[in-house]
A.B. asks: 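Sharing a structure here in structure tokens format.
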Amino acid sequence: MTDQQHSHRDQRHSQYQRSHQQHYQDRQQFGHPEVQRREFLWRERVKLELQVQALLARAESLEQAWRALQQRKANLQHQKPKLAAQIVLSGLARSRSLPAERLFHYERERIVQEEERLRQAIIFCQGDLAALQAQIEVIQLELSFLQ
């Protein structure tokens, strides 16, 4: 075999190796559809799990706000006897100007509105959590089929 033939053969071999290496890299980069799907699902699951963690933190925050509101409501209820005594005394004194009574009713109304707002927020949060957990379960199921 001449040097030129060796050189030509080496060149073809080198091209074959580069072609094979490129094919291997393409398969690694693009992967098989199952590998791509598995990687996508895994990333989606991680993203959803992070969203779940954020929602759990939100739910805890809402629960703390609910407890604080219930404490405010209990404190307001403790003010009722004092307010009733003030109303009786003002009636005896024939005075109808009771800012404490108006303040009590205003605060009670604010608490009722805040309770409703918190109830709705908690319901939405629970619904979002359930939806995310269902999505995660579907992803887990599909991942189990791909393995």
Side-chain angles (χ1 to χ4, degrees), residues 8-147:
H8 189 60
R9 189 191 69 181
D10 290 344
Q11 198 174 21
R12 279 193 317 239
H13 182 69
S14 180
Q15 283 177 333
Y16 171 78
Q17 282 182 325
R18 279 195 299 274
S19 172
H20 182 69
Q21 194 172 30
Q22 183 64 41
H23 177 72
Y24 178 74
Q25 287 173 348
D26 287 347
R27 285 184 67 179
Q28 275 189 325
Q29 182 179 1
F30 299 110
H32 293 294
E34 299 87 24
V35 172
Q36 287 178 332
R37 183 70 180 156
R38 190 173 29 241
E39 289 172 356
F40 170 77
L41 290 170
W42 186 83
R43 284 190 302 272
E44 277 300 302
R45 188 187 75 202
V46 169
K47 185 176 84 173
L48 292 172
E49 286 172 349
L50 289 172
Q51 290 176 4
V52 165
Q53 292 302 316
L55 277 174
L56 289 173
R58 170 107 170 104
E60 178 60 31
S61 171
L62 290 171
E63 289 298 322
Q64 288 175 358
W66 181 263
R67 287 191 296 273
L69 185 63
Q70 295 309 308
Q71 185 61 45
R72 275 180 46 207
K73 189 176 179 180
N75 290 342
L76 189 64
Q77 291 300 318
H78 286 71
Q79 292 176 10
K80 265 186 174 180
K82 180 181 171 186
L83 182 62
Q86 287 177 346
I87 291 170
V88 169
L89 290 175
S90 73
L92 292 174
R94 298 179 195 243
S95 166
R96 189 63 191 128
S97 177
L98 274 180
E101 182 182 6
R102 282 192 299 270
L103 184 61
F104 177 85
H105 290 294
Y106 172 73
E107 182 64 16
R108 186 176 63 187
E109 186 60 31
R110 281 185 48 202
I111 288 173
V112 167
Q113 290 172 354
E114 185 67 12
E115 271 183 330
E116 185 56 30
R117 185 192 70 77
L118 282 173
R119 266 193 198 99
Q120 291 299 315
I122 289 169
I123 289 169
F124 285 130
C125 188
Q126 290 170 341
D128 290 346
L129 270 171
L132 286 174
Q133 289 168 339
Q135 287 177 317
I136 290 170
E137 287 177 22
V138 168
I139 287 173
Q140 285 296 106
L141 181 64
E142 189 172 345
L143 280 170
S144 72
F145 290 140
L146 290 173
Q147 293 178 357

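We use all heavy atoms of the structure for the numbers below, so side chains are in, but hydrogens, waters and symmetry mates are not.
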A.B. asks: Count the heavy atoms of every other residue, nucleotide or ligand shown that sit under 6.0 Å from CZ of Arg38, and state whether that count exceeds 12.
C.D. replies: yes
A.B. asks: Quick check for you: to the nearest 0.5 Å, what is the distance between Leu76 atom CG and Ile111 atom CD1?
C.D. replies: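 The distance works out to 5.0 Å.
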A.B. asks: Is any side-chain N of the basic residue among Glu44 and Lys47 closer than 4.0 Å to the acidic one's carboxylate O?
C.D. replies: yes
A.B. asks: Quick one: list whatever passes salt bridge (charged side-chain N to carboxylate O under 4.0 Å, His left out) with Arg45, sequence neighbours left out.
C.D. replies: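 Glu49.
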A.B. asks: So how far is it from Trp66 CH2 to Ile122 CD1, rounded to the nearest 0.5 Å?
C.D. replies: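 Answer rounded to 0.5 Å: 6.0 Å.
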A.B. asks: If you round to the nearest 0.5 Å, how far is CZ of Phe40 from CD1 of Ile139?
C.D. replies: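 If we round to the nearest 0.5 Å, Ile139:CD1 and Phe40:CZ are 7.0 Å apart.
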A.B. asks: Under the side chain to side chain donor-acceptor pair (under 3.5 Å) rule, what do Arg102 and His105 come out as? Steps first, then yes or no, please.
C.D. replies: CA-CA 5 Å; Arg102 282 192 299 270; His105 290 294; over 6 Å; no
A.B. asks: If you measure from OG on Ser144 to CG on Leu41, what distance do you get to the nearest 0.5 Å?
C.D. replies: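 So the gap between those two atoms works out to 10.5 Å.
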A.B. asks: Could you tell me the separation between the CD atom of Gln133 and the CG atom of Leu55, rounded to the nearest 0.5 Å?
C.D. replies: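 Interatomic distance, Gln133 CD to Leu55 CG, rounded to 0.5 Å: 9.0 Å.
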A.B. asks: Report the distance from atom CG of Leu48 to atom CD of Gln53, rounding to the nearest 0.5 Å.
C.D. replies: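 Nearest 0.5 Å value for the CG-CD distance: 12.0 Å.
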A.B. asks: For Cys125 and Leu62, work out which heavy atoms get closest and say how close.
C.D. replies: CB-CD1, 4.1 Å
A.B. asks: Scan residues 125-139 for pairs that pass salt bridge (charged side-chain N to carboxylate O under 4.0 Å, His left out), counting only residues two or more places apart or in two chains.
C.D. replies: none
A.B. asks: Step by step, would you call Leu118 with Glu114 a side chain to side chain contact (heavy atoms under 4.5 Å, CB included)?
C.D. replies: CA-CA 6 Å; Leu118 282 173; Glu114 185 67 12; 4.0 Å; yes
A.B. asks: Answer yes or no: is there a side-chain heavy-atom contact under 4.5 Å between His32 and Arg37?
C.D. replies: no
A.B. asks: Mind jotting down which residue pairs meet the side chain to side chain donor-acceptor pair (under 3.5 Å) criterion with at least one end in residues 68-78? Sequence neighbours excluded, please.
C.D. replies: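 Only Gln70-Glu115, Gln71-Asn75, Arg72-Glu107, Lys73-Glu115, Gln77-Lys80 qualify under side chain to side chain donor-acceptor pair (under 3.5 Å).
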